[in-house]
Amino acid sequence: MELLRLVVDCGGFTSAARAAGVSQPAISRAMARLSEQLNEPLFRRAGRGMAPTPTALRLARAMREVDATLPAACAPGQPDEAERRDVRVGVAPAAGLLYGPLMTAALSGRHRLGTVTGAAPAMLAALISRDLDVAIVPRPRGLDRPELCQHVMYVSRPAIYCRHGHALQAAASLRQIADAQWAVAGMAGTPGNVIEEAFRVRRWAAPKIAVQCADYGMLAQIVACSELLAVIPHPLLATRVREDGIRCLRIAEGLPNYEVCMFWRRDVVGRGEAVECVIRALLAQGVGGG
């Protein structure tokens with residue numbers, strides 16, 4: 001639904017892919033899946049492009065209304081000015097584990113820290129609309145938002161995991177596991193599902209994704225009791241290795257890495273001492289970047 005809104009707002013699949021930081025085929029596949037689920041056509045060919053149907057326009061309008069009303073609907077009553085200055089941070093899963101304690105310490109209990117997680121494009125959109133103060137997320141490819149500052153916090157080190165005793169646990173190359181079935185965290189076709197990118201750059205058929213999980217905790221449990229493989233992008237997210245009985249495959253080829261960056265608006269000055277304090281603390285920890 002979020003990708004659909006981007007297609008309608010950006011005026012086409014290519015522009016939406018650039019805004020979301022995904023490939024144009026990924027947008028096309030997502031729209032085809034959504035159309036199939038709804039049993040409704042969402043786009044019709046118009047000249048050289050695709051025009052949204054009335055159904056697509058209605059859904060995109062509904063998503064805009066959700067974006068506009070959900071923060072207020074979820075808030076417990078009308079916050080006072082002090083509560084508005086509390087820090088709202090969008091984090092990738094590993095970033096939350098890495099930097100949650102640091103941000104808490106920086107605020108010293110004087111202000112409340114609120115965190116959310118989700119797809120990078122959605123959290124950057126929330127940052128731009130001021131629903132978030134800071135976002136620590138994978139940098140979408142081709143991102144061009146001059147109103148945002150960015151600072152590299154770390155580079156992902158994704159690895160492939162399977163259950164102990166899996167028939168492929170001794171695999172040493174991607175070719176040996178090319179026919180395996182996979183579990184992924186989040187939506188297939190979005191940044192962070194690096195196994196899709198690894199297959200795509202080798203011009204292989206897309207990996208066989210059997211399960212899309214809500215989070216990495218669920219992902220680890222599913223892998224531990226099935227024949228599915230999965231990519232986990234940071235060792236901290238594999239903390240259940242011993243409990244769940246999953247192990248890391250020693251694959252010779254490196255998987256695609258991506259930079260996880262802190263983003264904040266250039267006009268952050270004057271947004272409150274708490275926000276600036278968190279940004280300074282995070283700047284002192286990151287590896288640095290553009």
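Bear in mind the structure is a predicted one, so any value in this text is a computation, not a measurement. Because only heavy atoms are used, hydrogens play no part in the values below, and waters and symmetry mates are left out as well, while side chains stay in. Each residue takes its place number in the sequence, starting with 1.
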Derivation of the side chain to side chain contact (heavy atoms under 4.5 Å, CB included) call for Val260 and Val155: CA-CA 6 Å; Val260 175; Val155 178; over 6 Å; no

Check: Ile160 and Cys248 side chains under 4.5 Å, non-hydrogen atoms: no

Side-chain heavy atoms of Leu148 within contact of Arg266, under 4.5 Å: no

Heavy-atom side-chain contact between Val211 and Leu228 under 4.5 Å: yes

Reported CD-to-CZ distance for the pair Gln150 and Arg145, which is rounded to 0.5 angstrom: 12.5 Å

Side chains of Val91 and Met123 in contact at under 4.5 Å (non-hydrogen atoms): no

Rounded distance [0.5 Å steps], CG in Leu4 versus CG in Asp9: 9.0 Å

Polar side-chain atom of Glu276 near backbone of Glu273 as donor-acceptor pair, under 3.5 Å: no

Qualifying ring pair (Phe, Tyr, Trp, His ring centres under 6.0 Å) pairs, either residue in residues 5-32, two or more places apart: Phe13-Phe43

Donor-acceptor contact present, side-chain Asp133 to main-chain Arg88, <3.5 Å: yes

Flag side-chain contact, heavy atom, 4.5 Å: Pro93 against Thr117: yes

Minimum heavy-atom distance between Ala230 and Ala183, given as atom pair plus value: CB-O, 3.5 Å

Short N-O contact, Asp86 and Arg110, less than 4.0 angstrom: no

Presence of salt bridge, Glu227 and Arg163, under 4.0 angstrom: yes

Donor-acceptor contact below 3.5 Å, side chain Ser108 vs main chain Ala105: yes

Minimum-distance pair of heavy atoms, taken over all atoms of Gly90 and Val137: O-CG1, 4.3 Å

Distance-minimising heavy-atom pair for Val87 and Val275: CG2-N, 3.7 Å

Cluster check Leu34, Met63: I/L/V/M/F/W/Y, side chain < 4.5 angstrom: yes

Single-linkage hydrophobic cluster, 4.5 Å side-chain cutoff, Leu97 and Leu107 together: yes

Value rounded to 0.5 Å, distance of CD1 in Ile246 from CD1 in Ile222: 11.5 Å

Electrostatic pair Arg33-Glu36, nearest N-O below 4.0 angstrom: no

Backbone of Tyr258 reached by a side-chain donor or acceptor of Ser156 within 3.5 Å: yes

Arg175 and Trp204, any side-chain heavy atoms less than 4.5 Å apart: yes

Minimum side-chain heavy-atom gap Val134-Leu127 below 4.5 Å: no

Single-linkage hydrophobic cluster Met31~Leu59, side-chain heavy atoms < 4.5 angstrom: yes

Whether Arg265 side chain and Arg130 backbone form a donor-acceptor pair below 3.5 Å: no

Aromatic plane relationship, Tyr99 with Tyr154 - under 30° parallel, 30 to 60° tilted, over 60° perpendicular: tilted

Separation of Leu124 CG from Leu143 CG (nearest 0.5 Å): 6.0 Å

More than 12 heavy atoms from other groups under 6.0 Å of CZ on Arg202: yes

Side-chain heavy-atom pair Leu174, Leu255 within 4.5 angstrom cut-off: yes

Heavy-atom pair with the smallest gap, counting every atom of His166 and Ser226: CD2-O, 4.3 Å

Heavy-atom pair of closest approach, residues Pro41 and Thr53: O-OG1, 2.9 Å

Trace of the side chain to side chain contact (heavy atoms under 4.5 Å, CB included) decision for Ile279 with Leu283: CA-CA 6 Å; Ile279 291 174; Leu283 286 173; 3.9 Å; yes

Nearest heavy atoms of Met262 and Met153, plus distance in Å: N-CG, 3.6 Å

Pairing residues for Thr104 by the side chain to side chain donor-acceptor pair (under 3.5 Å) criterion, not counting sequence neighbours: none

SG on Cys10 to CZ on Arg18, rounded to 0.5 Å: 9.0 Å

In one Ile/Leu/Val/Met/Phe/Trp/Tyr side-chain cluster, 4.5 Å: Ile128, Phe263: yes

Straight-line distance of Cys261 SG to Leu282 CG, nearest 0.5 Å: 12.5 Å

Joint cluster assignment, Met218 & Val231, ILVMFWY side-chain distance < 4.5 Å: no

Ser35 side chain to Glu40 backbone, donor-acceptor under 3.5 Å: yes

Test log, rule side chain to side chain contact (heavy atoms under 4.5 Å, CB included), inputs Ile209 and Glu196: CA-CA 9 Å; Ile209 296 177; Glu196 293 182 305; 3.4 Å; yes

